[in-house]
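First up is the structure itself, then whatever we jot down about it.
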Amino acid sequence: MRNWRHLPLAACVALGAGAAVLGYGLLHQATTDLLRHEARIDAEVWSAQLSKNTSELPALARGSAPTAATLDLLFKSRQAGGVTAFRIYNTSGKLMLRYGDGAGTTANGDTVATLDPGLAASIAAKKSSATLRRGSGDQATSYASSNVAIRDGGTIVGWLVADVDQTRRQAAYNALTFNLALLFGTLLLVGPFLGYRYSTRQKYLVERQIETMSQRDQMTGLPNKASFLKLVDRQLLQTEGGTTQCALIVCELTDAHAIDQSFGLQAAERAILVTATRLTEIKPERTEIAALERARFGLFMHGVSDAMAVLALAKELTSKLGYALEWQGEQIGMQVHAGIGLSSSDGKDAATLLRSAELALRSAQEQGTPGYGFFNPEIAQDARRRVAVQKAVADATANHSFRLDFQPVYAIRTGELNGFEALIRLHDPELGAISPAEFIPIAEQSGLINRIGAWCLEEACRIAAQWPAHLVVSVNLSPAQFYTGSLIADVRQALDQNQFPSYRLEVEITEGTLLKDSELVLQQLGVLREMGLAVALDDFGTGYSSLSYLWKFPFSKLKIDRSFVAALDEAQSARGILRSIIKLGHGLGLSVTAEGIENTRQFETLRELGCDLAQGFLLDRPARIADLAGIILRNFAKGLTGRTDATTERTRFPSTGTHNG
Ligand code: C2E
Ligand code: MG
Ligand code: MG
């Protein structure tokens with residue numbers, strides 16, 4: 001391919017040269033014609049002069065010797081007209097007089113046949129003409145010979161031939177021809193050549209631009225992932241076998257997506273650009289930076305002194321890149337996390353080292369504090385597990401192989417069955433049972449939670465529709481379900497499809513759901529409440545700001561997190577805290593459920609504290625659908641007994657549930 005690159009240039013040269021040769025030929029022909037024409041004019045002028053000044057020409061043509069006056073005239077004319085020689089022929093073509101070129105002036109019997117063929121032909125045809133011929137020896141190098149008829153009265157009696165020296169004129173014309181041809185050729189050559197040069201230069205510039213673009217991140221202008229990986233690989237090769245330690249830090253503006261959601265795309269892009277600029281300013285010497293993904297950046301440090309120095313840099317990065325950003329009068333939080341991979345332990349090539357650093361980043365993001373950390377093998381183990389679970393979730397979604405179990409919830413005071421909480425189950429052929437606490441966040445990240453969530457609502461309503469009409473079913477909602485916009489429609493569909501009354505459906509959300517875009521969530525919860533659903537705040541007490549949400553939204557129920565119930569066994573203060581929570585709930589007009597009741601002592605304490613509902617292994621474990629009828633029947637019978645003997649019920653109620661635990 002390379003050899004063909006200069007083909008257009010070669011074509012230009014060939015074209016130019018060809019044009020020059022052709023042009024030279026054409027011009028040469030034109031100048032020759034011009035010379036011939038001028039020679040004829042010369043000869044005509046000369047003969048006219050001669051005829052005017054002597055009447056001897058017819059006599060000379062007949063063979064008379066020239067008089068001294070005529071010779072003098074010929075001499076002068078020759079000198080004035082640049083004529084090297086003149087000859088006089090009779091009509092038979094016999095040379096009667098030759099004058100000039102230093103030769104004798106007498107007739108020497110030269111015949112027409114010895115004349116230039118063109119001239120001879122024109123004499124024979126009795127026509128004037130001019131021919132060009134080359135001289136030889138010390139003679140002029142170029143002649144134009146012209147013939148003019150010598151007339152006596154109206155009759156041609158001979159021919160006067162003048163040899164005019166054209167050497168200088170011809171040389172001048174030749175030079176002109178040559179120069180014009182050269183100019184012509186050069187123009188033809190240079191034009192396309194310049195065009196060719198211009199186009200190749202443009203091509204080169206475009207190629208360079210494309211190359212640069214393929215190596216740069218478009219938004220930040222930093223080197224992109226591909227060129228970063230190449231560079232890291234090169235550096236790692238150079239340090240291979242040596243003692244030089246290299247480190248790769250991956251940092252990410254973890255908040256980018258949230259900024260996008262809350263402030264819009266422009267704000268998110270600004271935040272990313274600001275992060276890139278800050279990174280460029282902070283980066284130490286001998287460190288290469290690159291934009292790896294939308295809000296993710298890479299730093300490669302070669303020749304780091306020790307791991308602690310890298311850790312210190314990661315700390316600096318997360319704090320300095322995390323300064324709030326002012327956007328249209330508001331302060332945007334910019335949380336940045338960082339993960340570190342070291343060349344000595346976490347990867348000998350760029351791809352592996354980057355993967356390690358990215359896993360460390362994800363681990364840092366999940367842990368929250370301190371926001372940065374090294375890669376370690378457990379992280380890799382976790383990542384492998386995560387990938388496997390992700391696949392299991394995807395398979396189960398495709399194969400509809402999730403299952404719902406239902407855990408009974410009882411009224412503490414009466415012991416009556418109040419309803420069930422639907423809890424999703426995933427059993428993978430290879431991984432076995434996977435806890436929802438593990439796979440739900442993964443389903444959220446892989447974007448499958450919506451389909452799963454819709455299925456849960458639909459399945460829970462379908463099953464609960466078969467229960468006695470006083471039993472309610474509660475379904476857990478994941479935060480992600482509020483962001484996709486289909487939640488309300490999914491709930492409506494589940495109710496309509498199963499003709500299930502909305503007052504029998506309860507949804508549970510955790511405080512985490514309200515943390516992100518609380519307005520969006522609260523608005524949808526409001527719609528659900530208007531539709532008649534109950535809304536419970538699950539795992540109450542585990543977050544930081546549970547209280548602040550309680551007055552923002554009219555929840556129906558509080559579900560006290562099981563850690564408070566478990567604490568009853570250990571801490572004296574737990575009882576007081578539980579009492580306060582229950583009072584708080586009641587004060588707000590909410591019913592209160594205690595989760596995770598595992599022993600009678602806990603149950604009794606909660607009953608004493610006035611808690612409304614109870615859920616836990618002591619009473620019932622989450623049960624399979626097939627077992628629900630039995631539980632409902634048993635509790636129906638128990639309820640009948642309980643209503644007749646409240647004292648017996650109080651003592652008997654918890655123990656009846658233990659058969660499940
Ligand atoms: P949660 O909503 O707080 O559910 C209660 C969890 O506590 C259930 O765990 C239940 O099996 C467990 N539990 C109940 N009684 C006891 C007890 O006495 N002792 C102990 N140690 N645990 C008890 P599970 O089923 O593993 O669910 C864990 C979490 O996963 C749930 O917590 C909920 O947040 C989430 N989850 C479960 N099902 C779904 C679902 O369908 N959708 C969504 N989005 N999340 C779900
Ligand atoms: Mg729950
Ligand atoms: Mg809970």
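As the structure is a prediction and not an experimental result, all values here were calculated from the model. Counting starts at 1 for both ligands and their atoms, in listed order. Scope of the values below: all heavy atoms of this structure, side chains included, with no hydrogens, waters or symmetry mates.
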Thinking salt bridges, do [X] and [Y] make one under a 4.0 Å N-O criterion?
X	Y	value
Asp382	Arg384	no
Arg294	Asp260	yes
Glu421	Lys559	yes

TODO: Around the Mg ion (ligand 2), list the protein N/O/S atoms within a radius below 2.8 Å, excluding water molecules.
DONE: Glu421 OE2, Asn476 OD1, Glu508 OE1, Asp538 OD2

Open item on the list: Do Gln365 and Thr254 pair up side chain to side chain, a donor and an acceptor below 3.5 Å, judged on atom types alone?
Closed with: yes

Sequence neighbours left out, cut at 3.5 Å: what donor-acceptor pairs do the side chains of residues 452-465 make with other protein atoms?
residue: Glu459; atom: OE1; partner: Arg462; partner atom: NE; Å: 3.1
residue: Glu459; atom: OE1; partner: Arg462; partner atom: NH2; Å: 3.3
residue: Glu459; atom: OE2; partner: Arg462; partner atom: NH2; Å: 3.1

TODO: Apply the test side-chain contact (heavy atoms from CB on, under 4.5 Å) to residues Leu311 and Phe374: give CA-CA distance (whole Å), side-chain angles for both, the deciding distance (0.1 Å), then the verdict.
DONE: CA-CA 8 Å; Leu311 198 66; Phe374 285 107; 3.4 Å; yes

Side-chain donor-acceptor pairs of residues 351-361 under 3.5 Å, sequence neighbours excluded:
residue: Thr352; atom: OG1; partner: Asp349; partner atom: OD1; Å: 2.7
residue: Thr352; atom: OG1; partner: Asp349; partner atom: OD2; Å: 2.9
residue: Ser356; atom: OG; partner: Asp346; partner atom: O; Å: 2.6
residue: Ser356; atom: OG; partner: Thr352; partner atom: O; Å: 3.0
residue: Glu358; atom: OE2; partner: Arg296; partner atom: NH1; Å: 3.0

Task: Near ligand 1, at a heavy-atom separation below 4.0 Å: residues by chain and residue number - done: Gln407, Glu421, Leu423, Ile424, Arg425, Pro436, Ala437, Ile440, Cys456, Asn476, Leu477, Ser478, Glu508, Asp538, Asp539, Arg562, Glu595, Gly596, Ile597, Glu598, Gly616, Phe617, Pro622

TODO: Start with the C-alpha distance between Asp539 and Thr510, add both sets of side-chain angles, then the distance that settles side chain to side chain donor-acceptor pair (under 3.5 Å), and finish with yes or no.
DONE: CA-CA 6 Å; Asp539 301 346; Thr510 59; 5.6 Å; no

Open item on the list: Classify the ring geometry of Phe420 against Phe406: parallel below 30°, tilted from 30° to 60°, perpendicular beyond 60°.
Closed with: perpendicular

